[in-house]
Amino acid sequence: MNIIVMKGEITMTFEKDILNVTETAYYLSCSQQKIYSLIKNGNLEAYKDAGQNGRRGRNWKITAFSVDYYLRSMIHMYDQQKSPVTKEK
């Protein structure tokens, strides 16, 4: 994965379009449990892979787009918390 930060913008390129929980945790520098928590709370979009006989599988799959979207939303939230609040007169 390549990360380029320019003037507050992040550009990420992933080696794969679909990631598993372990790979996502690696890219986000957090634990697998944190990834499961983000999925459960709806903060990170994911889906279960196709299992045997057309049944839903056990493994979560996360798109690179979802990881990128999550990171951008976290940066946006951080930037808003960091910016000073001005009062209008």
Side-chain angles (χ1 to χ4, degrees):
M1 173 182 70
N2 298 323
I3 300 176
I4 302 168
V5 180
M6 299 175 64
K7 294 184 181 178
E9 288 293 318
I10 289 185
T11 303
M12 298 182 91
T13 54
F14 294 91
E15 296 174 7
K16 297 166 41 174
D17 291 333
I18 307 295
L19 308 168
N20 62 33
V21 170
T22 303
E23 293 164 333
T24 304
Y26 173 78
Y27 285 133
L28 296 180
S29 299
C30 64
S31 69
Q32 291 179 22
Q33 190 58 40
K34 177 66 175 177
I35 299 301
Y36 288 119
S37 176
L38 291 171
I39 293 168
K40 180 180 178 182
N41 295 330
N43 296 320
L44 184 63
E45 283 190 39
Y47 63 93
K48 295 272 183 138
D49 65 352
Q52 296 177 351
N53 302 325
R55 294 171 29 184
R56 190 169 72 169
R58 297 176 40 173
N59 300 318
W60 284 105
K61 299 295 181 183
I62 302 107
T63 64
F65 176 82
S66 293
V67 175
D68 182 65
Y69 184 82
Y70 171 75
L71 284 174
R72 288 177 190 276
S73 66
M74 291 297 103
I75 290 168
H76 179 72
M77 187 172 64
Y78 174 77
D79 285 346
Q80 288 201 340
Q81 289 176 352
K82 192 173 75 170
S83 65
V85 177
T86 57
K87 294 182 180 179
E88 293 184 25
K89 292 183 178 183

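This structure is a prediction, so every number in the text was calculated from the model and none was measured.
Taking a 6.0 Å sphere around NZ of K34, one finds it holds 12 or fewer heavy atoms contributed by other residues, nucleotides or ligands. The number of heavy atoms from other shown groups lying within 6.0 Å of CG (D17) does not exceed 12. Heavy-atom contacts from other residues, nucleotides or ligands closer than 6.0 Å to CD of E45 number 12 or fewer.
When the side chains of ILVMFWY residues are joined at heavy-atom separations under 4.5 Å, either directly or via intervening members, L44 and Y26 end up in a single hydrophobic cluster. Residues L71 and W60 share a hydrophobic cluster, clusters being chains of Ile/Leu/Val/Met/Phe/Trp/Tyr side chains in contact below 4.5 Å. A single hydrophobic cluster is seen to contain both Y36 and V67, as judged by linkage of ILVMFWY side chains at heavy-atom distances under 4.5 Å, directly or through other members. Note on L19 and F65: separate hydrophobic clusters, where clusters join Ile, Leu, Val, Met, Phe, Trp and Tyr whose side-chain heavy atoms are under 4.5 Å apart, directly or indirectly. The hydrophobic cluster containing I39 does not contain I18, counting ILVMFWY residues as joined when their side-chain heavy atoms lie under 4.5 angstrom apart, directly or transitively.
Scanning both residues, I62 and A46, for their nearest heavy atoms gives CG1-CB, 3.7 Å. The two residues C30 and I35 have their closest heavy-atom pair at SG-CD1, 3.5 Å. Of all the heavy atoms in Y70 and N43, the pair that sits closest is CD1-O, 3.4 Å.
The distance from the CG atom of L38 to the CD atom of Q33 is 10.5 Å, given to the nearest 0.5 Å. We find the NZ-NZ distance between K61 and K48 to be 11.5 Å, quoted to the nearest 0.5 Å.
For the pair N41 (side chain) and S37 (backbone), a donor-acceptor distance under 3.5 Å is present.
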